[in-house]
Amino acid sequence: MRGGDELKARKAVVSNAALKSTLRLLPEDAISQDYFQSQEATPECPSFMHLHLGFDASGLPDDLCCHYMVVNDWERGVDAEQNLVLISIPSVLDPSMA
């Protein structure tokens, strides 16, 4: 941590950082080198936005989905710059998340 303190996990680590960034923070013996190398070899998407929304869903349709994807131009591909937005609305499944 910033002040030099350490937190030790007993079973798992939950990280909000990108997978590659998280893996680089783990001790070398925490995961297999094969897994680490396979993730390092996976190309990252150069342009991506994932929007998480939590709001009071009362009054909205019962069939409102939790996830939506908007692609501006399928011909450009999902990894094209400013072409893809993922929207997650977890409060649709769990109102306490609003």
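Index from 1, following the sequence. This is a predicted model, so every value here is computed, not measured.
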Pairing residues for His67 by the ring-ring contact (aromatic ring centres under 6.0 Å, His included) criterion, not counting sequence neighbours:
none
Can you list everything that forms a side-chain contact (heavy atoms from CB on, under 4.5 Å) with Ala17? Sequence neighbours excluded, please.
Ser15, Ser21, Thr22
Under the side-chain contact (heavy atoms from CB on, under 4.5 Å) test, residues paired with Asp73 that sit two or more places apart:
Glu75, Arg76, Asn83
Show me the pairs that pass salt bridge (charged side-chain N to carboxylate O under 4.0 Å, His left out) and involve residues 5-16, at least two apart or across chains.
Glu6-Lys8
Only distances under 3.5 Å count here; give the side-chain donor-acceptor pairs of residues 90-98 to other protein atoms, sequence neighbours excluded, each with its distance to 0.1 Å.
{"from": "Ser91", "atom 1": "OG", "to": "Phe55", "atom 2": "N", "distance (Å)": "3.1"}
{"from": "Ser91", "atom 1": "OG", "to": "Phe55", "atom 2": "O", "distance (Å)": "3.0"}
{"from": "Asp94", "atom 1": "OD1", "to": "Ser96", "atom 2": "N", "distance (Å)": "3.1"}
{"from": "Asp94", "atom 1": "OD1", "to": "Ser96", "atom 2": "OG", "distance (Å)": "2.7"}
{"from": "Asp94", "atom 1": "OD2", "to": "Ser96", "atom 2": "OG", "distance (Å)": "3.2"}

List the atom pairs, donor and acceptor, that lie under 3.5 Å between side-chain atoms in residues 23-31 and the rest of the protein, sequence neighbours left out.
{"from": "Arg24", "atom 1": "NE", "to": "Glu40", "atom 2": "OE2", "distance (Å)": "3.3"}
{"from": "Arg24", "atom 1": "NH2", "to": "Glu40", "atom 2": "OE1", "distance (Å)": "3.2"}
{"from": "Arg24", "atom 1": "NH2", "to": "Glu40", "atom 2": "OE2", "distance (Å)": "3.3"}

CE of Met69 to OG of Ser88, rounded to nearest 0.5 Å, is 12.0 Å
side-chain contact (heavy atoms from CB on, under 4.5 Å) with Tyr68: which of Ile87, Val85, Leu86?
Ile87
